[in-house]
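All remarks here apply to the structure that follows.
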Amino acid sequence: MTHQKTLDILSTGKTLWNKWRRENAEIQAFEPDLHGADLHGADLHGMDFHEADLTEANLQDADLREADLRETDLRHADLRSANLSDANLLRARLHGADLRGANLCRTNLKRADLSNADLRGADLDGAILDKANFDKANVSRRDLGEADPNTLLKVKEQRTGSVALQDVKAA
C-alpha cells in the first residue's frame, strides 16, 4: 500500500481507521507504513497502530492517548510533548526516540526498547516499566515520579540533573 493511501485512510478518523485495521488483519508486521509521516499535532486518540512502521515520524504534540502501539516501530520518532497517557506500548521500539516533555502517565512500556531515547521532562507517573530497556536513555530523576513501584531502575551513569539508565528489571 502506498504511503499516501495509508495517510488518506488515517485522515478519515479513528472509527474508519480502526475498522480498516480490523478488516485487513492479514497485513504483515510493520504495516501500515507511516515511516517519516508528518503527524505533528494530530488527534490520534485511541487509534490502532499495533505493528505499524512509524520510524522517524513527526508525532510532536500528537494526541496518542489510549492508542494501541503494541510492537510499533517508533525508532527515532519525534514524540516531543506528545500525550501518550494510557497508551499501550508493549514491546514498542523507541530506540533513539525524542520523548522530551511527553506525557507517559499510566503508559504500558513493558518490554519496550527505549535505548538511547531522550525522556527528559517526560511524565512517567504510573507507567508500567517491567523489563523495558533503558540502555543509555536520558531520564531526569523527577520524571520517574510515581512510576511502577515494583520496578528497579539500575543507574548506568549520572549527569547533572539527569540520570542515564542501564536497564529496568522487575524487583
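E71 and H50 share no side-chain donor-acceptor pair at under 3.5 Å.
How far OG1 of T107 is from CG of D125: 10.5 Å, rounded to the nearest 0.5 Å. Rounding to the nearest 0.5 Å gives a distance of 12.0 Å between NZ of K131 and CG of L90. Separation of atoms CZ (R21) and NZ (K14) is listed at 15.0 Å; rounding is to 0.5 Å. Remark: L124 CG to L104 CG distance equals 5.0 Å, nearest 0.5 Å. Annotation: the span from L64 atom CG to N88 atom CG amounts to 12.5 Å, rounded to 0.5 Å. Taken to the nearest 0.5 Å, the CG atom of L7 stands 9.0 Å off from the CG atom of D38.
A distance-only check finds no donor-acceptor pair linking the side chain of N103 to the backbone of R65 [under 3.5 Å]. Formation of a donor-acceptor pair under 3.5 Å by the R91 side chain with backbone atoms of K110 is not found in this model.
Shortest non-hydrogen contact noted between A117 and L94 is CB-O, 3.8 Å. For T72 against A52, the heavy-atom pair with the smallest separation is CG2-O, 3.3 Å. The two residues K136 and N116 have their closest heavy-atom pair at CB-OD1, 3.4 Å. The minimum heavy-atom distance between A132 and L109, with the atom names listed, is CB-O, 3.4 Å. Closest approach of L44 and A62 over heavy atoms only: CD1-CB, 4.4 Å. For the residue pair A87 and L69, the shortest heavy atom distance occurs at CB-CD1, 4.4 Å.
At a threshold of 4.5 Å between non-hydrogen side-chain atoms, the residues R70 and E51 do not count as touching. Taking 4.5 Å as the limit, every side-chain heavy atom of D33 sits out of range of all side-chain heavy atoms of T6. Using a 4.5 Å cut-off on side-chain heavy atoms (C-beta onward), F49 and D73 make no contact.
Hydrophobic clustering (ILVMFWY, side-chain heavy atoms < 4.5 Å, transitive): L74 and L10 are in one cluster. Note: the hydrophobic cluster containing L84 also contains W17 (ILVMFWY, side chain heavy atoms under 4.5 Å, direct or indirect links).
Using a 30° and 60° split on the angle between ring planes, H76 and H95 fall in the perpendicular class, above 60°.
The pair D86-R106 counts as a salt bridge, with a side-chain nitrogen and a carboxylate oxygen less than 4.0 angstrom apart. For the pair R80 and D98, the salt-bridge criterion is met [side-chain N within less than 4.0 Å of a carboxylate O].
At most 12 non-hydrogen atoms from other residues, nucleotides or ligands lie less than 6.0 angstrom from CZ of R75.
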What verdict does the side chain to side chain contact (heavy atoms under 4.5 Å, CB included) test give for W20 and T12, after you've listed the backbone C-alpha separation in whole Å, the side-chain angles of each residue and the deciding distance to 0.1 Å? CA-CA 10 Å; W20 174 78; T12 62; over 6 Å; no
